Amino acid sequence: MLQQSRTPRETIGSYWEASVDHVRQDRQLIGNAHFDVAVIGAGYAGLSAALKLAKSGLSIGVLEAEHVGFGASGRNGGFCCLGGTKLDARQLIRRFGLDEARKFAAYQVAGINLVAQRLENWGVDADCHSKGEIYLAHRPKDLASLKEEAAFLKDNFGIRTRVLGKSELDSEGYGGPEFHGGLHMPYGFALNPLKYLLALGDQVRQAGGRIFGKSPVTGVNQDGECWRLETEHGYVRAKKIVLAGNGYARETVPKWLHGRTLPVMSSIQVTRPLSEGELSDQGWTADTMAADTRRLLHYFRLLPDRRFLFGTRGGIFEKAPALTAMQKRARNDFETMFPAWAHVETEFAWHGNVCLARNLTPFVGEVPRMDGIYAAMGWHGSGIAMASLSGEKIAGLVTGSLRRDDLPSPLQIPFRKFPLSAFRKLYLQGAYWIYGWLDR
């Protein structure tokens, strides 16, 4: 029997939550149920897989620990852009070859186009803006690297970027003392990520998929010809499973996941609306998605209502003192990079988990030695486009309409275990210290 959960919905404190009328709390799983496919995680990947599978005529149950929008899909910076890996184009070519690197680049563009097409087809106003993304050199010497990158991308991928010098940045509304040049990438757009995600959830429900909130999966075991997924108040039996928890996955569900991913915190702050005078004082009037060239990057953009979103990587432990320190560092960085706005209040501040893999690429495929269990995870901080398309692709693998080799090679490699995985967060701290020194 299914009952409405009486447990109140957990809030994130994000600007995105404040921007929507309602975040739905789906029913909790009480008792037992049977589906053709069970999906763990109601983010972009999980819901995209569920939508594709439900439209193919299969019965689908989505098990979500909290509610649609609670994880990274509902709390990210809203950059629908290229990404999904921490390997740059040269590293991808060395590891997989030029042809596969090109396929992977085309896959990223296809993900961006898929999200744009969905929003148009569904009639969703997700506050979209920004034609592409700009990478800003945070040191004068980095401009030369951006010029080299522009030539490399044109010669090897046919991508025509635009390099801007300091004077061009200032004249086009990218003003700041730490910006010494830029590389404009023509792909991608910005959006309200929660509005998109909530629309995706509605599409799943309309297609017949069942979403269960407050239903974290605590165990996965073989049960005859099916898999049995245990929850607090019941269980689900399913022939096949899709793992789509990303940085919020319980890494013992199934045990194969243990030690194979690394959740990393990313924090976001959003200011009050800025006046035209304040925008002019800083010299930042562009609405383009932007990020700097640091290894511990900052990402930021001017929102349609003239608030400013500012995000940072970093942070190890989700304890109150550590979170307070992380937000303080982010605010200090914001005031250094945008000194004319030092007086501008932050009205919203929150954080979320980015999912890293040891091999620095996502995995979209069947879990080794676990027949019928598939994974679509590991977006490395750029999941809107990549996860949306990969959810559809994992559905194709589940139904057999897609073969493993149809995917770009970087997506085919199962996650490897981190060495001494119990100490992952400690050596992540060491990496942060090194990156911070290199970014100076």
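Not measured: the values here are computed from a predicted model.
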Original post:
Quick one: which of Arg424, Lys417, Arg260 gives a salt bridge (Lys or Arg N to Asp or Glu O under 4.0 Å) with Glu251?
Top reply: Arg424

pair [X]-[Y]: side-chain heavy atoms closer than 4.5 Å:
X: Asn246; Y: Trp379; answer: yes
X: Pro186; Y: Ile159; answer: yes
X: Glu232; Y: Pro216; answer: no
X: Leu397; Y: Glu366; answer: no
X: Met386; Y: His380; answer: no
X: Ile134; Y: Met289; answer: no

Do the ring planes of [X] and [Y] sit parallel (below 30°), tilted (30 to 60°) or perpendicular (above 60°)?
X: Trp122; Y: Tyr196; result: parallel
X: Phe104; Y: Tyr107; result: parallel
X: Trp256; Y: Phe415; result: parallel
X: Phe300; Y: Phe310; result: parallel

Subject >> Positive for side-chain hydrogen bond (donor to acceptor under 3.5 Å, both in side chains) with Lys214, one of Gln28, Glu66, His233 >> reply: Glu66

**OP:** Count the heavy atoms belonging to other residues, nucleotides or ligands that lie under 6.0 Å from CD of Glu345, then report whether that count exceeds 12.
**Re:** yes

**OP:** Check whether more than 12 heavy atoms from other residues, nucleotides or ligands sit under 6.0 Å from atom CG of Asp405, and answer yes or no.
**Re:** yes

Original post:
Within 45° of the six-membered ring axis of Tyr235 and under 6.0 Å from that ring's centre, is NZ or CZ of Arg228 located there?
Top reply: yes

Original post:
Regarding Arg90 and the six-membered ring of Phe152, is the cationic atom NZ or CZ under 6.0 Å from the ring centre and inside 45° of its axis?
Top reply: yes

Under the 3.5 angstrom rule, does the side chain of [X] hit a backbone N or O of [Y] as a donor-acceptor pair?
X: Glu64; Y: Ala42; answer: yes
X: Glu392; Y: Leu389; answer: no
X: Asp292; Y: His298; answer: yes
X: Arg75; Y: Ile12; answer: no
X: Tyr248; Y: Asn353; answer: yes
X: Ser19; Y: Trp16; answer: yes
X: Ser73; Y: Gly69; answer: no

If you measure only the distance, is there a donor-acceptor pair under 3.5 Å linking the side chains of [X] and [Y]?
X: His184; Y: Thr161; answer: no
X: Ser266; Y: Tyr299; answer: yes
X: Arg118; Y: Ser48; answer: yes
X: Thr288; Y: Ser130; answer: no

Below 4.0 angstrom, N of the basic side chain to O of the carboxylate: do [X] and [Y] qualify?
X: Lys393; Y: Asp406; result: no
X: Glu347; Y: Arg307; result: yes
X: Lys240; Y: Asp36; result: no
X: Arg331; Y: Asp333; result: no

Subject >> Full working for side-chain hydrogen bond (donor to acceptor under 3.5 Å, both in side chains) between Tyr15 and Asp305 >> reply: CA-CA 12 Å; Tyr15 170 70; Asp305 65 357; 2.6 Å; yes

Original post:
In this structure, which one of Val39, Val62, Ile373 forms a side-chain contact (heavy atoms from CB on, under 4.5 Å) with Val242?
Top reply: Val39

Subject >> Working for side-chain hydrogen bond (donor to acceptor under 3.5 Å, both in side chains), residues Asn113 and Tyr187 >> reply: CA-CA 9 Å; Asn113 293 338; Tyr187 303 109; over 6 Å; no

Subject >> Over all atoms of both residues, closest heavy-atom pair of Thr261 and Pro263 >> reply: O-CD, 3.9 Å

Original post:
Closest heavy-atom contact between Ser382 and Cys81?
Top reply: OG-SG, 4.4 Å

Original post:
Where do Thr231 and Ser215 land on the side-chain hydrogen bond (donor to acceptor under 3.5 Å, both in side chains) test, with the steps shown first?
Top reply: CA-CA 6 Å; Thr231 69; Ser215 302; 5.6 Å; no

